[in-house]
Amino acid sequence: MAVRDGDHQRLEKQMKMVLGSKPPGCVNRCVGCIPCTPTQVVSPPDKNNNLKATNTNQGDEGYYLLSWKCKCRNKLFEP
């Protein structure tokens with residue numbers, strides 16, 4: 001399956017924005033769904049987490065964890 005130039009450029013731009021992170025290989029990760037492509041997912045902080053550090057920053061509420069997932073249509077899969 002060929003990747004369109006626009007998709008490739010968008011993925012390349014995403015890769016450059018995130019230091020130390022690279023997209024996973026999503027071959028055979030989407031349970032037969034095609035196209036299976038790497039995408040970044042934003043996970044909000046866990047509000048129910050009762051474990052708090054003794055020295056917390058009040059600005060941490062705006063911090064969101066980025067992670068890579070494999071995506072096909074509207075479904076996400078673990079890489």
Side-chain angles (χ1 to χ4, degrees):
M1 166 119 200
V3 176
R4 295 185 305 231
D5 285 339
D7 290 340
H8 180 71
Q9 288 173 351
R10 182 178 53 86
L11 182 60
E12 207 170 278
K13 185 177 179 181
Q14 277 183 335
M15 287 172 45
K16 289 179 182 178
M17 289 184 347
V18 181
L19 292 175
S21 181
K22 66 178 188 172
C26 287
V27 176
N28 298 325
R29 298 292 183 183
C30 294
V31 193
C33 187
I34 298 174
C36 188
T37 57
T39 188
Q40 284 188 317
V41 178
V42 177
S43 302
D46 185 8
K47 297 290 184 189
N48 296 327
N49 188 355
N50 292 328
L51 299 174
K52 298 217 180 223
T54 56
N55 186 13
T56 59
N57 257 343
Q58 294 301 322
D60 287 348
E61 290 86 24
Y63 174 77
Y64 292 93
L65 179 65
L66 287 174
S67 63
W68 286 102
K69 301 287 183 189
C70 296
K71 182 177 181 180
C72 186
R73 298 185 190 114
N74 63 344
K75 295 182 182 177
L76 294 173
F77 301 89
E78 289 296 325

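Nothing fancy with the numbering, it's 1 onward along the sequence.
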Considering only distance and modelled atom types, tabulate donor-acceptor pairs under 3.5 Å from the side chains of residues 71-79, sequence neighbours left out.
{"unit_1": "Glu78", "atom_1": "OE1", "unit_2": "Lys69", "atom_2": "NZ", "d": "3.3"}
{"unit_1": "Glu78", "atom_1": "OE2", "unit_2": "Lys69", "atom_2": "NZ", "d": "2.5"}

- Message: Please enumerate all residues that pass side chain to side chain contact (heavy atoms under 4.5 Å, CB included) together with Val42, with sequence neighbours excluded.
- Response: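 Residues passing side chain to side chain contact (heavy atoms under 4.5 Å, CB included) with Val42: Tyr64, Leu66.
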
- Is the SG-SG separation for the cysteine pair Cys70 and Cys26 below 2.5 Å?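 Bridged: Cys70 to Cys26.
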
